[in-house]
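These notes are about the structure you will find just below.
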2 protein chains.
Amino acid sequence: MSRLPVAERREQLVQAALVVAIRDGIEAATVRAVAAEAGVSLGVVHYCFEDKNELLREVGLAITTQNVERIIFDTPMEGINARGAISLALGILWDSIREHRGAQLLSYELTTTSLRHPELRAVAIGQLEHNWDVAEHVLDQAATLAAVAWSVSVRRLARLSVAAIDGVSLAWLVDGDDDAARAALSSFADHIATYARPAG
Amino acid sequence: MSRLPVAERREQLVQAALVVAIRDGIEAATVRAVAAEAGVSLGVVHYCFEDKNELLREVGLAITTQNVERIIFDTPMEGINARGAISLALGILWDSIREHRGAQLLSYELTTTSLRHPELRAVAIGQLEHNWDVAEHVLDQAATLAAVAWSVSVRRLARLSVAAIDGVSLAWLVDGDDDAARAALSSFADHIATYARPAG
DNA sequence: GTCTATAGTTGGATAGAC
DNA sequence: GTCTATCCAACTATAGAC
């Protein structure tokens, strides 16, 4: 293949690793498989990355930001009440999750893998905190547009929201029941909305 | 080692596999490691199980029932209101999860692994449905003791509860924040309790 | 039933030619 | 920078002695 600067090569390899891991699972994302997917030889990967863990760390970073961008920019909340705003955001988020089943599953695989390997520890934490940040951002947006204030800390509500979404997603990955998942999310949206107070 | 009937040998090997997988993660639970943990030679495992997947299926079954037994028999709910009953049950459950971090993590590892391997597919479904059944049982118990009826199907509430617990557990595995986890569970308990109506 | 020995794969990592 | 070739470790699985 052509001679690329290392930075670009790394980016290309991370993307290839993402493709493999999303499609076939994290344990299928071997150095060999990634090299094959990228169309380069085995040696190239080891030249661009210290070891497999460094590649995996980059994959963790990539999938986190990728997931996030799907949500932030696609959320056009028109001024309604808090319950409506939350529900709308959750609806958009859910459509995105549904369309990216493999990515959602990979996200959980990265979490469990990260929890067993100290060298990857940062991946799980990074993912979770990123999700909290996004939830916080959406909740802030919702509060503004619905002209309400949250009666407990936004951080706590963000935590609550992310936990709800993770739990619902996990069940959906297993049983594929979209209706049940939506019903559960709707119920949790009700709950979050109970923390809204008229803005002061 | 002594000559055991196959059934007992299998049971022993499944327990050994559980020990290894809980301690070091599912990917560390190789046939070799299990044999070593059980103090038998490699061949014995292959003699008792068709292949590694059959062993893993048994492990999935074992951890599921094991987790469940911890909850069902330890729940002495004294007649209070619905919110109190739910909260009490969640408290007991949470203590159990806290004391068995490795088992909880393994449970998620088994789920993701199962979702990538058709031969293990039943493990994830079995686990989830078992959890739903337990939640349903606890909710029924709570309703009786608190003299209330649930205003939506118990199945739906059970699903909601399990999702909440899974989401909270996952975050706790990552960040280890026990206070935040309890706060979140408490909040979800509030929500579940809003579905209680005076019994009729 | 249990053991040792070994076949047959696969994967991470490195060396060295180009 | 990129390739091929190779080393070495670890794994699943089986064969065959005891």
Side-chain angles (χ1 to χ4, degrees), chain A residues 1-21 23-60 106 109-110 113-114 116-120 123, chain B residues 1-21 23-60 106 109-110 113-114 116-120 123:
Chain A
M1 284 292 164
S2 56
R3 296 164 81 88
L4 262 59
V6 185
E8 287 181 31
R9 198 47 107 194
R10 279 172 65 103
E11 179 55 27
Q12 177 202 5
L13 291 173
V14 169
Q15 287 305 316
L18 257 179
V19 169
V20 175
R23 187 186 56 213
D24 303 326
I26 195 171
E27 68 179 3
T30 64
V31 177
R32 291 179 131 83
V34 171
E37 179 71 33
V40 301
S41 69
L42 190 54
V44 174
V45 183
H46 279 106
Y47 172 76
C48 294
F49 294 93
E50 175 82 18
D51 57 9
K52 191 188 173 186
N53 283 332
E54 191 188 343
L55 174 58
L56 279 187
R57 279 194 293 270
E58 293 296 320
V59 168
L106 174 59
E109 291 178 294
L110 276 170
T113 304
S114 154
R116 292 287 188 188
H117 301 280
E119 326 86 76
L120 297 176
V123 173
Chain B
M1 285 289 168
S2 56
R3 296 164 80 88
L4 261 59
V6 185
E8 288 180 31
R9 200 43 110 193
R10 280 173 63 104
E11 179 55 27
Q12 178 203 4
L13 291 173
V14 169
Q15 288 304 318
L18 257 179
V19 169
V20 175
R23 188 186 55 215
D24 303 325
I26 196 171
E27 70 179 3
T30 64
V31 178
R32 291 178 129 81
V34 171
E37 179 72 32
V40 301
S41 68
L42 190 55
V44 175
V45 183
H46 279 105
Y47 172 78
C48 293
F49 294 93
E50 174 81 20
D51 56 12
K52 191 189 174 186
N53 282 331
E54 191 187 343
L55 174 58
L56 279 187
R57 279 194 293 270
E58 294 295 321
V59 169
L106 174 59
E109 290 179 295
L110 276 169
T113 304
S114 154
R116 292 287 189 188
H117 301 281
E119 326 86 74
L120 298 176
V123 173

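Note that this is a predicted model, so its numbers are computed, not measured. Numbers restart at 1 for each chain; the letters A, B, ... are given by sequence-line order, proteins then strands.
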Point to revise | Pairing of A/R57 and A/E50 as salt bridge, 4.0 angstrom limit | key: no
Point to revise | Ion pair check, B/R116 and A/E109, cut-off under 4.0 Å | key: yes
Without decimals, in angstroms, what is the distance between [X] [atom1] and [N] [atom2]?
X     : N      : atom1 : atom2 : result
B/Q12 : C/dT2  : CD    : C1'   : 12 Å
A/E54 : C/dA13 : CD    : C1'   : 14 Å
A/F49 : D/dT2  : CZ    : P     : 13 Å
B/R3  : C/dC3  : CZ    : C1'   : 11 Å
A/E27 : D/dA10 : CD    : P     : 18 Å
B/R10 : C/dG1  : CZ    : P     : 13 Å
A/D51 : D/dC8  : CG    : C1'   : 17 Å
A/L42 : D/dT6  : CG    : P     : 14 Å

Review point. When you look at B/R23 and B/E37, which way does the salt bridge (charged side-chain N to carboxylate O under 4.0 Å, His left out) test go after all the steps?
Key: CA-CA 11 Å; B/R23 188 186 55 215; B/E37 179 72 32; 3.4 Å; yes
To the side chain of [X], which of [options] is closest?
X     : options               : value
B/T30 : D/dG1, C/dG12, D/dC11 : D/dC11
A/S41 : D/dA13, D/dT4, C/dA13 : D/dT4
B/V44 : C/dG12, C/dC3, D/dG1  : C/dC3
A/Y47 : D/dA13, D/dT2, C/dG12 : D/dT2
A/V40 : C/dG12, C/dG1, D/dC3  : D/dC3

**Study point:** Side chain to side chain, A/F49 and A/V31, heavy atoms closer than 4.5 Å
**Key:** no
Point to revise | First encountered from the 5' end of DNA chain D, between A/C48 and A/R32 | key: A/C48
Review point. Which part of the nucleic acid, if any, lies within reach of A/L4 when heavy atoms closer than 4.0 Å are counted: base, sugar-phosphate only, or nothing?
Key: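 The answer is sugar-phosphate, as A/L4 gets under 4.0 Å only of primed atoms, P, OP1 or OP2.
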Practice item. Determine: side-chain N/O of A/R9 to OP1/OP2 of D/dT2, distance under 4.0 Å, yes or no. Key: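 Answer yes for this pair, as a side-chain N or O of A/R9 is under 4.0 Å from OP1 or OP2.
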Check your understanding: Is the shortest side-chain N/O distance from A/H46 to OP1 or OP2 of C/dT14 below 4.0 Å?
Key -> no
Review point. Among A/E8, A/R9, A/R10, A/Q15, which one satisfies side chain to side chain donor-acceptor pair (under 3.5 Å) with A/Q12?
Key: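 Testing each of A/E8, A/R9, A/R10, A/Q15 against A/Q12, the sole residue satisfying side chain to side chain donor-acceptor pair (under 3.5 Å) is A/R9.
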